[in-house]
Amino acid sequence: MPDISELHLQNLLFDMDEDGVATVTLNRAAKRNALDARTIEELVALFSALPAAGARAVVLRAEGPHFCAGLDLVEHGRAERSPAEFMRLCLRWHEAFNKIEYGGIPVVAALKGAVVGGGLELASSVHIRVMDETTYFGLPEGQRGLFTGGGATIRVPRLIGQARMIDMMLTGRLYAGDEAVAVGLAQYRVQDSEAKALEIARRAAQNTPLSNFAICSGISHMQNMSGLDAAYAEATLAGIVNTQDAAKGRLDSFAQGTAVKIRPD
């Protein structure tokens, strides 16, 4: 696996501060940050390299007024891919978004403008979504003669339910404002999504890395298991995470602080 400094990024920007809070930026503003094959490969490479680079949390943002307008339809039209070629491309989308969801590092998306099609697939793979007043969500595949290929059928129903997703795809229904938060497409609605996303990422970066890994990887894995298997996996993770020295120290501090608060005069 290449060192993060060796990556040749064209469609993404990357920066990381001294606290391990990384910022990954979609950098195709002229294309409304539509996802072409190169951008997908850069996402795979970058999110594969982030853990070894010492990242403790990530803010995923975008240049320009839109987060992501989905599949780059211009590239798609020019490529004239066969069904097998497009299937392989879809699997690379899955690889990129799985790196985000299962990578064990908290990823917070700062959303604005269009979060549609593949853009919603990307956004649904992160752990926390923060929208601003311009943000709207859509799955317009039905009106374009397309079908989702980057994980929407897996992740979006977890957020909003199967019926709402089918409605979005069949009718082109958009969600925005309070309604988007109410149905589960975003956890926060604020004036400045980037500032709030950075605030959340900084807070998450203060947690122990092992706890964050369990939260940002284990929970997603457990949703794919039977109840009995998930219970075993949860107990195993708890046994590892809850006996780490850092956890013991924090629990001792918390217990002492609580004792002080409840001790009678």
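Between Gln10 atom CD and Glu41 atom CD the span is 13.0 Å, to the nearest 0.5 Å. Interatomic distance, Leu237 CG to Phe213 CZ, rounded to the nearest 0.5 Å: 8.0 Å. With values rounded to the nearest 0.5 angstrom, Arg155 atom CZ is found 8.0 Å from Ser220 atom OG. In this structure, Gln162 CD and Met165 CE are separated by 9.0 Å, a value rounded to the nearest 0.5 Å. Note: His127 NE2 to Glu101 CD = 6.0 Å, rounded to the nearest 0.5 Å. Distance CG/Leu73 to NE2/His76: 7.0 Å, rounded to 0.5 Å.
A donor-acceptor pair under 3.5 Å is absent between the side-chain atoms of His221 and the main chain of Ala230, judged by distance alone. With hydrogens and angles ignored, the 3.5 Å screen pairs no side-chain donor or acceptor of Glu141 with any backbone N or O of Leu170. The main-chain N or O of Ala152 is found under 3.5 Å from a side-chain atom of Glu121 such that the two form a donor-acceptor pair. Put simply, the side chain of Asp19 never gets that close to the backbone of Val21: no donor and acceptor are under 3.5 Å apart. No donor-acceptor pair closer than 3.5 Å links the side chain of Arg32 to the backbone N or O of Gly64. Between the Asn212 side chain and the Ala205 main chain, no donor and acceptor come within less than 3.5 Å of each other. Put simply, the side chain of Arg129 never gets that close to the backbone of Leu111: no donor and acceptor are under 3.5 Å apart.
Of the charged side-chain nitrogens involved, none lies within less than 4.0 Å of a carboxylate oxygen, so that Asp72 and Arg78 do not count as a salt-bridged pair. With salt bridges taken as basic N to acidic carboxylate O contacts below 4.0 Å, one links Arg189 and Asp178. Note on Glu75 versus Arg38: no salt bridge recorded, every NZ/NE/NH1/NH2 to OD/OE distance being 4.0 Å or above.
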Worked check of side chain to side chain contact (heavy atoms under 4.5 Å, CB included) between Val183 and Phe137 = CA-CA 11 Å; Val183 301; Phe137 301 87; over 6 Å; no

Residues Asp167, Arg173; criterion salt bridge (Lys or Arg N to Asp or Glu O under 4.0 Å); working and verdict = CA-CA 7 Å; Asp167 179 26; Arg173 179 174 181 174; 3.2 Å; yes

Worked verdict on Glu194 versus Val59 for side chain to side chain contact (heavy atoms under 4.5 Å, CB included) = CA-CA 8 Å; Glu194 293 188 10; Val59 173; 5.9 Å; no

Assess whether side chain to side chain contact (heavy atoms under 4.5 Å, CB included) is satisfied between Ile100 and Leu122, documenting all intermediate values.
-> CA-CA 9 Å; Ile100 295 171; Leu122 171 58; 3.6 Å; yes

Determine, step by step, whether Thr39 and Leu12 satisfy the side chain to side chain contact (heavy atoms under 4.5 Å, CB included) criterion, reporting the C-alpha distance in whole Å, the side-chain angles of both residues, the deciding distance to 0.1 Å, and the verdict.
-> CA-CA 7 Å; Thr39 305; Leu12 299 178; 4.2 Å; yes

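In this structure, Tyr136 and His66 have side chains that are in contact, with non-hydrogen atoms separated by less than 4.5 Å. The side-chain heavy atoms of Arg28 and Asp36, taken from C-beta on, include a pair separated by under 4.5 Å. Side-chain contact between Arg61 and Thr23 is present, with heavy atoms from C-beta onward closer than 4.5 Å. Between Tyr175 and Met168 there is a side-chain heavy-atom pair separated by less than 4.5 Å. Within the 4.5 Å cutoff, no side-chain heavy atoms of Ser193 are placed close to those of Thr135. With contacts defined as side-chain heavy-atom distances shorter than 4.5 Å, the pair Leu35/Cys68 qualifies. Under the 4.5 Å side-chain criterion, counting only non-hydrogen atoms from C-beta, Glu199 is not in contact with Arg202. For the pair Leu46/Ile4, a side-chain contact is recorded, criterion being any heavy-atom separation below 4.5 Å from C-beta on.
In the hydrophobic clustering of this structure, Leu89 groups with Phe147; members are Ile, Leu, Val, Met, Phe, Trp, Tyr whose side-chain heavy atoms approach within less than 4.5 Å, directly or through other members. Under a hydrophobic clustering in which Ile, Leu, Val, Met, Phe, Trp and Tyr are joined whenever their side-chain heavy atoms come within less than 4.5 Å, directly or via other members, Met16 and Leu9 fall into the same cluster. Put simply, Leu174 and Val181 are part of two different groups of oily side chains (I, L, V, M, F, W, Y) that touch within less than 4.5 Å, one to the next. The hydrophobic clustering, which links ILVMFWY residues whose side-chain heavy atoms are closer than 4.5 Å, places Phe67 and Leu139 together. Note on Met169: it clusters hydrophobically with Leu185, by side-chain heavy-atom contacts below 4.5 Å among ILVMFWY residues.
Considering every non-hydrogen atom in both Ser211 and Gln244, the closest pair reads OG-NE2, 3.4 Å. Of all heavy-atom pairs between Gly184 and Leu159, the closest is O-CB, 3.7 Å. Shortest non-hydrogen contact noted between Phe97 and Gly150 is CD1-O, 3.1 Å. When all heavy atoms of Ser217 and Tyr102 are compared, the closest pair comes out as OG-O, 3.3 Å. Taking every heavy atom of both residues into account, Phe47 and Val107 meet most closely at CE2-CG2, 4.0 Å. The two atoms that bring Val24 and Phe14 nearest to each other are CG2-CD1, 4.2 Å, heavy atoms only.
When the shell of 6.0 Å around OH of Tyr232 is examined, it contains 12 or fewer heavy atoms from other residues, nucleotides or ligands. No more than 12 heavy atoms of other residues, nucleotides or ligands sit less than 6.0 Å from atom CD of Glu234. Within 6.0 Å of the CZ atom in Arg81, the count of heavy atoms belonging to other residues, nucleotides or ligands exceeds 12.
The salt bridge (charged side-chain N to carboxylate O under 4.0 Å, His left out) test applied to Asp15 returns no partner, not counting sequence neighbours. Residues passing the side chain to side chain donor-acceptor pair (under 3.5 Å) test with Asn27, sequence neighbours excluded: none.
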